[in-house]
Number of protein chains: 2
Amino acid sequence: MKQEPASSTAAPRRRAGRPRSGVLDRELIARAALKLVVAGGYSTLTMSALAKSLSVSPSALYNHVESKQEIMQWIQEIVMDGVDSTVFETLPLDEALTAWAVTYRDIFAGHAPLIPLIAVLPVSGSPRTLEMYEKVAAGFTRAGWKQEDIIPAIVALESFIFGSALDATAPLDIFDPGENAGGIPNFEGALEAQRATGRNSADAAFRAGLRAIVNGLMAASRTT
Amino acid sequence: MKQEPASSTAAPRRRAGRPRSGVLDRELIARAALKLVVAGGYSTLTMSALAKSLSVSPSALYNHVESKQEIMQWIQEIVMDGVDSTVFETLPLDEALTAWAVTYRDIFAGHAPLIPLIAVLPVSGSPRTLEMYEKVAAGFTRAGWKQEDIIPAIVALESFIFGSALDATAPLDIFDPGENAGGIPNFEGALEAQRATGRNSADAAFRAGLRAIVNGLMAASRTT
DNA sequence: TGTTCTAAATGAATGACGTTCATTTACTAG
DNA sequence: CTAGTAAATGAACGTCATTCATTTAGAACA
């Protein structure tokens, strides 16, 4: 849990910038872990598998990592880097929020196991995540938002994004009532009507919900 | 993964309604599991601990349960039962949605580990959850919504609720930039302003987001 | 050059887990 | 009284993450 001093380098502690032996370092481990995850999903990310992919014994990893959780945090940082938050510099707030949210959800839909982690993780450990927040907050500020309303708006959007990313991993027939059909006419009618549109319901929900929450937030900011 | 035939009883398979020996049954196991969780959190819910709390050996549980995941589903059903969906019968849609969402989030904030499970779980295994959906869908129908818009609206709301429930478990100082302060003026300003309100930011975000998404959805339904 | 220091790797061991299985127990039906 | 059977037992297993005493090898210093 300890943070290295002021150094921004990710490499293990070494004597005055002189390279040291060791096959491993933070960057290497993080990349290898992400590679494993992308190739075979999070269930294949074990310390043994990770060590093997680095041609090293599992215990060697613990010279560079406190726990597996820490590796998950490293992965999270790399993944978070893929979220496009430059849009706030070029687009009006509502459009920027929409574009940002879309990339955010799409990226984390492929990394659902990270979500329960992120939601609870202090941002202090992740400078790049902080930079993202700064860009988003700047977008709100530029649009003239009251300062105290900005954090709640960001958190609300993120909650929706994380929930939607989880939802995106659900099986397509998740709502099929199965043997419990009958006695639920309203729900079944709605289900059938949605099915008839031919659209993926997770995507439709994300789009509709995103438009609603963005419009709703913008409207609220104008009334106060 | 198999479902028992048409029987709606939760008891283990038995001969023509005649009670059989056995200390265990589904209801007992589920209640004991929930009790453990409420007392000590999900990390204390192990098959050994559960068995011990029932004065039984761990392997005995497997005569009634396929896996620990199945127990988690049983817990989920009990917990879901606490969500108040009667409000749709008495309140106008927007107020009902708000009241429903509030109880939904508050309840699952105490059961965060269930969320990644639910988001991906077929509803067919949970009759009571289906009944909830029916009441919600009926509320939308009664309010004159187009059928095909109902499921996406429900899913969007649930995504927001689940995300918010996860967020509610975060530490209060989750946004503290720590040593990374400086260089992120907009974010820090917003953070300070939010702090100055004295409100819990997770709660403020949930309230603001809920109002926004409900208003946004209602507005959208009027334009189509 | 040789000695010492130390970061880093090793491999064996540990302790939780969830889960399986052959066997026993105790009730019920005939 | 005899089977038959659901259910409980306890001793395994296999898979994890993690720990630790020990070894290895490169760099600093003499």
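Convention: sequence-line order gives letters A, B, ...; per-chain numbering from 1. All values below were derived from every heavy atom in this structure, side-chain atoms included, with hydrogens, water molecules and symmetry-related copies excluded.
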Open item on the list: Are F162(B) and Y104(B) an aromatic pair, judged by ring center distance below 6.0 Å?
Closed with: yes
Task: Near-ring test F140(A)/F88(A), centroid separation under 6.0 angstrom - done: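 Aromatic pair excluded; centres sit 6.0 Å or further apart.
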Is there a donor-acceptor pair under 3.5 Å between the side chain of [X] and the backbone N or O of [Y]?
X	Y	answer
Q194(A)	R199(A)	yes
S126(B)	V123(B)	no
S53(B)	L50(B)	yes
Q76(A)	M72(A)	no

Among [options], find the nucleotide with the atom closest to the side chain of [X].
X	options	value
N63(B)	dT10(C), dA8(D), dT18(D)	dA8(D)
S59(A)	dC20(D), dT18(D), dT20(C)	dC20(D)
S57(A)	dT10(C), dT18(D), dT20(C)	dT10(C)

TODO: Evaluate whether atom CZ of R128(B) has more than 12 neighbouring non-hydrogen atoms of other residues, nucleotides or ligands under 6.0 angstrom away.
DONE: yes
Task: CD/Q69(A): more than 12 non-hydrogen atoms of other groups inside 6.0 Å - done: no
Measure the distance from [atom1] on [X] to [atom2] on [N] and round it to the nearest whole Å.
X	N	atom1	atom2	answer
K68(B)	dA16(C)	NZ	P	15 Å
K52(B)	dA16(C)	NZ	P	12 Å
E70(B)	dT19(C)	CD	C1'	14 Å
Y62(B)	dT20(C)	OH	P	7 Å
Q69(B)	dC17(C)	CD	P	18 Å
L50(B)	dA16(C)	CG	C1'	16 Å
L61(A)	dT19(D)	CG	P	13 Å
Y42(B)	dA16(C)	OH	P	23 Å

Open item on the list: Please classify the nucleic acid contact of I71(B) as base, sugar-phosphate, or nothing, using heavy-atom distances under 4.0 Å.
Closed with: nothing
TODO: Mind checking T46(A) for me? I need base, sugar-phosphate or nothing, with any heavy atom below 4.0 Å counting as a touch.
DONE: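 Touches sugar-phosphate only.
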Open item on the list: By the side chain to side chain donor-acceptor pair (under 3.5 Å) test, which pairs, at least two apart or in different chains, include something from residues 180-189 of chain B?
Closed with: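 Qualifying pairs, neighbours excluded: E134(A)-N186(B), T141(A)-N186(B).
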Taking only N/O atoms, report every protein-nucleotides 21-24 of chain D pair under 3.5 Å with atom names and distance.
none

Show me, pair by pair, the donor-acceptor contacts under 3.5 angstrom made by side chains of residues 105-117 of chain B, not counting sequence neighbours?
{"from": "R105(B)", "atom 1": "NH2", "to": "D203(B)", "atom 2": "OD1", "distance (Å)": "2.8"}
{"from": "H111(B)", "atom 1": "ND1", "to": "Y42(B)", "atom 2": "OH", "distance (Å)": "2.6"}

Task: Axis deviation across the helix from dT1(C)-dA30(D) to dG30(C)-dC1(D), five-pair ends, to the nearest 10° - done: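 About 10° separates the two local helix axes.
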Please tabulate, for side-chain N and O atoms in residues 164-174 of chain A, each donor-acceptor pair with protein atoms closer than 3.5 Å (sequence neighbours left out).
{"from": "S164(A)", "atom 1": "OG", "to": "F160(A)", "atom 2": "O", "distance (Å)": "2.8"}
{"from": "T169(A)", "atom 1": "OG1", "to": "L166(A)", "atom 2": "O", "distance (Å)": "2.7"}

- [ ] Using a cut-off of strictly less than 4.0 Å, decide whether H64(B) has a side-chain nitrogen or oxygen near OP1 or OP2 of dA6(D).
- [x]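 For dA6(D), OP1/OP2 do not have a side-chain N/O of H64(B) under 4.0 Å.
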Report each atom pair, protein N/O against N/O of nucleotides 12-14 of chain D, whose distance is under 3.5 angstrom.
none

Task: Residues E27(B), R31(B): salt bridge by 4.0 Å N-O rule - done: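 A salt bridge links E27(B) with R31(B).
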